[in-house]
Chemist: 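Sharing a structure, written as structure tokens. Questions coming.
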Amino acid sequence: MSAFVAHSIGIIAIQAGVGSRVIQTQPAEAREALRAIEATSRETLSGLRRTLVSLRQADPGVADPGQAPLAPSPGLADLERLAAATADAGVRVDLRRSGNQRPLPADVDLSAYRIVQEALTNVVRHAGTGRCRVAIDYGDEELSVEVVDHGHGATENGLGWSPPVCRPPASSS
């Protein structure tokens with residue numbers, strides 16, 4: 001859930017920054033940034049409501065009979081909307097699907113969506129690139145999620161970071 005909120009707040013912050021910079025010179029672009037802020041904040045509020053209702057349902061001592069029905073949790077079917085929100089934040093997403101697409105268990109579907117969401121948040125915040133690729137492959141018995149960007153990344157000193165390369169141990173022959 002924290003990744004979901006962090007992603008949304010990151011998109012909102014970026015759009016607010018764009019809007020404030022262009023409001024005088026490009027009012028149409030500022031309006032579009034405000035629309036993106038509105039849509040992202042509404043989606044975030046809906047997700048938070050779902051979480052709170054789930055927590056309340058887990059505690060039978062708490063009931064809210066006046067609660068409005070909730071939208072279903074996001075899943076891989078919602079990636080196009082996530083890609084559009086990411087594009088609004090300045091990173092174009094090339095979304096690719098392969099394999100035999102089929103319904104997934106709800107927890108797997110939501111988890112895969114959240115993995116992509118977190119990866120896209122990292123691309124927007126840290127990669128320093130204007131595009132990335134998301135590949136979803138429905139294998140026979142597995143689901144593969146891959147997010148690739150060609151950004152430079154950054155650390156406090158401005159240098160990128162990569163995990164060490166793993167190599168097989170040297171043979172003794």
Chemist: Can you list everything that forms a side chain to side chain contact (heavy atoms under 4.5 Å, CB included) with L95? Sequence neighbours excluded, please.
Modeler: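 L95 satisfies side chain to side chain contact (heavy atoms under 4.5 Å, CB included) with L79, E80, R97, V134 once adjacent residues are dropped.
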Chemist: To the nearest 0.5 Å, what is the distance between OH (Y138) and CG (L76)?
Modeler: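 If we round to the nearest 0.5 Å, Y138:OH and L76:CG are 4.5 Å apart.
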Chemist: Out of curiosity, D107 CG to R114 CZ, how far, rounded to the nearest 0.5 Å?
Modeler: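 Interatomic distance, D107 CG to R114 CZ, rounded to 0.5 Å: 13.0 Å.
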Chemist: Can you give the donor-acceptor pairs under 3.5 Å from side chains of residues 81-90 to other protein atoms, not counting sequence neighbours?
Modeler:
{"from": "R81", "atom 1": "NH2", "to": "D78", "atom 2": "OD1", "distance (Å)": "3.4"}
{"from": "T86", "atom 1": "OG1", "to": "L82", "atom 2": "O", "distance (Å)": "2.9"}

Chemist: Is there a path from L34 to I23 through hydrophobic residues (I, L, V, M, F, W, Y) whose side chains come within less than 4.5 Å of each other?
Modeler: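 In one cluster: no.
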Chemist: Answer yes if V148 and V93 sit in the same cluster of Ile, Leu, Val, Met, Phe, Trp and Tyr residues linked by side chain heavy atoms under 4.5 Å apart, and no otherwise.
Modeler: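 V148 and V93: separate clusters.
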Chemist: Would you mind listing every salt bridge (Lys or Arg N to Asp or Glu O under 4.0 Å) that reaches into residues 120-144, with sequence neighbours excluded?
Modeler: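 Checked against salt bridge (Lys or Arg N to Asp or Glu O under 4.0 Å) - neighbours excluded - the pairs reaching residues 120-144 are R133-E146.
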Chemist: Tell me the closest heavy-atom pair linking A30 and G19, and the distance in Å.
Modeler: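 It is CB-O, 3.9 Å.
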Chemist: For E38, give me all partners under side chain to side chain donor-acceptor pair (under 3.5 Å), at least two apart in sequence or on another chain.
Modeler: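 Here the qualifying residues are R42.
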Chemist: Counting C-beta onward and ignoring hydrogens, is there a side-chain heavy-atom pair between I136 and S144 closer than 4.5 Å?
Modeler: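 A side-chain contact is absent here, since even the closest heavy-atom pair is not under 4.5 Å.
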Chemist: How long is the span from the OG1 atom in T44 to the CD1 atom in I12, to the nearest 0.5 Å?
Modeler: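 Answer rounded to 0.5 Å: 5.0 Å.
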Chemist: With no hydrogens and no angle check, is any side-chain donor or acceptor of R102 less than 3.5 Å from a backbone partner on N100?
Modeler: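 A pair under 3.5 Å: yes.
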Chemist: Between G151 and T129, which heavy-atom pair has the shortest distance, and what is it?
Modeler: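 Result for this residue pair: CA-CB, 3.7 Å.
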Chemist: Could you see if I11 belongs to whatever hydrophobic cluster contains V91? Use Ile, Leu, Val, Met, Phe, Trp, Tyr and a side-chain cutoff under 4.5 Å.
Modeler: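 Per the 4.5 Å side-chain linkage, I11 and V91 are not co-clustered.
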Chemist: Is there a path of hydrophobic side-chain contacts, each under 4.5 Å between heavy atoms of I/L/V/M/F/W/Y residues, joining V108 to V147?
Modeler: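 Yes, because V147 and V108 connect within a single hydrophobic cluster, where side-chain heavy atoms sit under 4.5 Å apart.
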Chemist: Apply salt bridge (charged side-chain N to carboxylate O under 4.0 Å, His left out) to R92 and list each qualifying residue two or more places apart in sequence or on a separate chain.
Modeler: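 If we apply the salt bridge (charged side-chain N to carboxylate O under 4.0 Å, His left out) test to R92, skipping adjacent residues, there are no hits.
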Chemist: Under the side chain to side chain donor-acceptor pair (under 3.5 Å) test, which residues partner E32, sequence neighbours left out?
Modeler: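 E32 satisfies side chain to side chain donor-acceptor pair (under 3.5 Å) with R35 only.
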Chemist: Rounded to the nearest 0.5 Å, what's the gap from CD on Q15 to CD on E29? Could you check?
Modeler: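 So the CD of Q15 and the CD of E29 are separated by 8.5 Å.
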Chemist: Could you pull out the closest heavy-atom pair between P74 and L110, with the gap in Å?
Modeler: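 Nearest heavy atoms, P74 then L110: O-CD1, 3.5 Å.
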Chemist: With a 4.5 Å cut-off on side-chain heavy atoms, are I9 and T40 touching?
Modeler: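 Not touching, per the 4.5 Å side-chain cut-off.
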